[in-house]
2 protein chains.
Amino acid sequence: MNREQGRDILKRLNMKVTPKRLEVMCCLGSEPLYLSADEVWHRIKDRVDSIGLPTVYRILDELAEAGVITRIFLADRKQYYFLCANQDHHHHHFVCESCRRVEDLGQCALGEGTLDAVQRSGGRVTSHILQINGVCATCSTPRGGAACRTK
Amino acid sequence: MNREQGRDILKRLNMKVTPKRLEVMCCLGSEPLYLSADEVWHRIKDRVDSIGLPTVYRILDELAEAGVITRIFLADRKQYYFLCANQDHHHHHFVCESCRRVEDLGQCALGEGTLDAVQRSGGRVTSHILQINGVCATCSTPRGGAACRTK
DNA sequence: AATTAAATGAAAATTATTTTTATTTATACG
DNA sequence: CGTATAAATAAAAATAATTTTCATTTAATT
């Protein structure tokens, strides 16, 4: 994700194209890893002639609401974010618990019938979360694991 | 969920059968709603000759780890818990954003190929999250909505 | 009944997140 | 290209969620 792409995304969403937003997007988009708001902040606060943590929170929240970035849910009660390079079609992700890497799952793996069933019953579906957790191929390999694992 | 059932579940997990754990389980199991740790605490703190909030957190966490209760993920960055009456087979839930009601989805709606695909690539799947959000049939009905909605 | 590992209480600490208000800035428009 | 204005951000402080610590109690075992 470069500034050009970030700019296009913000334009499409009718959001102002600000240096801070671009910086947050480029930060998240530079690697296929999930990060917390705090981690994003630490990585960019010295560029962009400094940015406040509350601003990072706001930007992440807006982008997540808009569907540009994906919230990653872990048991640690913190919120993480991931900016997927593939913004084209609806799909979900595999999340490596060891190295934080996020991989695309080809297409939305929700069985056809599922959303229909809810709707037939009279309810309305507004969104869904599908996240596969595990250990990626690299981390599963004894050698590769050590190289890939960050912490 | 009554104390008898709670007791059986704890026994099966090799966890001590304590009054506080039973109280937390009965509280969550009394209605098909998701609750926060704080909400569970408020509902039971005057029974059980008082219980501390940290204890509620601990119990909820243990039970979630053990798979007895389900974490409900919302955008508000808080953690919610749901104890499903149906402990028999693996399935997922529909969550009403309006009344907090949680409904079972028949069977795990994950397309067969999804988990396989990750495993074929050399990765290992340890868990998955599948949660459908929306507005339930009752809340979707103008009349019913008012009656069902709590806040 | 005694033993012991596990569970809990209570208080304090930590961490994540949000709010507020004043200031700045991107964009639209003349 | 300047100007107006709504939107975005800073900075500090506040809030709320969650965790830690350590002393005490209790469930389960013998």
Side-chain angles (χ1 to χ4, degrees), chain A residues 3-4 6-27 34-66 68-69 71-81, chain B residues 3-4 6-27 34-66 68-69 71-81:
Chain A
R3 294 183 157 254
E4 192 60 24
R7 192 187 141 287
D8 292 346
I9 290 175
L10 291 175
K11 283 281 184 197
R12 175 164 51 77
L13 297 170
N14 286 314
M15 291 170 70
K16 285 189 181 178
V17 179
T18 69
K20 321 268 168 150
R21 283 181 176 156
L22 291 176
E23 205 60 40
V24 167
M25 294 174 83
C26 287
C27 171
Y34 66 79
L35 297 175
S36 69
D38 193 66
E39 288 162 347
V40 170
W41 181 62
H42 270 97
R43 292 184 179 209
I44 66 176
K45 71 191 168 79
D46 295 328
R47 291 184 240 168
V48 216
D49 67 297
S50 98
I51 182 174
L53 185 50
T55 300
V56 173
Y57 271 98
R58 257 179 268 129
I59 291 174
L60 289 172
D61 215 36
E62 290 161 352
L63 293 176
E65 281 308 309
V68 176
I69 65 184
R71 296 179 203 276
I72 301 292
F73 297 99
L74 304 181
D76 69 1
R77 298 193 181 79
K78 289 188 218 162
Q79 193 113 140
Y80 295 93
Y81 301 88
Chain B
R3 292 179 160 256
E4 193 59 24
R7 193 186 141 286
D8 291 347
I9 289 175
L10 291 173
K11 283 283 184 196
R12 174 164 51 78
L13 297 170
N14 286 315
M15 292 170 71
K16 286 190 181 178
V17 179
T18 69
K20 322 269 166 151
R21 282 179 177 158
L22 292 177
E23 205 61 40
V24 168
M25 295 173 83
C26 288
C27 171
Y34 66 78
L35 297 175
S36 69
D38 192 66
E39 288 162 346
V40 169
W41 181 63
H42 269 96
R43 291 183 180 210
I44 65 177
K45 72 191 167 76
D46 294 327
R47 292 184 239 169
V48 217
D49 66 297
S50 97
I51 183 173
L53 186 49
T55 300
V56 173
Y57 272 99
R58 263 179 308 226
I59 292 174
L60 289 173
D61 215 36
E62 291 161 352
L63 293 176
E65 281 309 309
V68 176
I69 64 183
R71 296 179 205 275
I72 301 293
F73 298 99
L74 304 182
D76 69 2
R77 297 194 180 79
K78 289 188 215 161
Q79 193 112 140
Y80 296 91
Y81 302 88

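Every value quoted in this text rests on a predicted model; they were computed, and no experiment measured them.
Rounded to an integer number of Å, the gap from L60(A) CG to dT18(C) P is 11 Å. Distance Y57(A) OH to dA10(D) P: 15 Å, rounded to the nearest Å. Distance E23(A) CD to dT9(D) C1': 15 Å, rounded to the nearest Å. When the C1' atom of dA7(C) is taken as reference, atom CE of M15(B) falls 10 Å away, rounded to whole Å. Across the protein-nucleic acid pair, E62(A) atom CD and dT17(C) atom P stand 16 Å apart, rounded to whole Å. Distance Q79(B) CD to dA16(D) P: 19 Å, rounded to the nearest Å. Atom pair K16(A):NZ and dA7(D):C1' shows a separation of 4 Å (rounding to whole Å applied). Atoms CG (N14(B)) and P (dA27(D)) sit 17 Å apart, rounded to a whole Å.
Between R77(A) and dT19(D) there is a side-chain polar atom (N or O) within less than 4.0 angstrom of OP1 or OP2. In terms of phosphate contacts, K78(B) brings no side-chain nitrogen or oxygen within less than 4.0 Å of OP1 or OP2 of dT18(D). In this structure, T18(B) does not reach the dA27(D) phosphate: none of its side-chain N or O atoms is under 4.0 Å from OP1 or OP2.
Two residues, S36(B) and V17(B), neighbour DNA chain D, and the one matched to the more 5' nucleotide by heavy-atom proximity is S36(B). Comparing K11(B) and P54(B) by the nucleotide of DNA chain D that holds the closest heavy atom to each, the one mapping nearer the 5' end is P54(B). When each of V56(B) and R58(A) is assigned the nucleotide of DNA chain C bearing its nearest heavy atom, the one mapping closer to the 5' terminus is V56(B).
Checking dT9(D), dT19(C), dT17(C) against the side-chain heavy atoms of L53(A) singles out dT17(C) as nearest. Residue I51(A) places its side chain closer to dA10(D) than to any other of dA10(D), dT27(C), dA27(D).
Inter-residue side-chain proximity for R43(B) and C27(B) is flagged as met; some heavy-atom pair is nearer than 4.5 Å.
Counting any heavy atom pair closer than 4.0 Å across all strands shown, R21(B) reaches sugar-phosphate atoms only and no base atom.
Side-chain atoms of R71(B) do not come within 3.5 Å of backbone N or O of Q79(B) as any donor-acceptor pair. Checking side-chain atoms of W41(B) against main-chain N and O of I51(B) turns up a donor-acceptor pair under 3.5 Å.
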Item to complete: Given side chain to side chain contact (heavy atoms under 4.5 Å, CB included), test L10(A) with L63(A) step by step and report yes or no.
Response: CA-CA 9 Å; L10(A) 291 175; L63(A) 293 176; 4.2 Å; yes
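Y80(A) and Y34(A) have perpendicular rings, their planes meeting at more than 60° on a 0 to 90° scale where under 30° would count as parallel.
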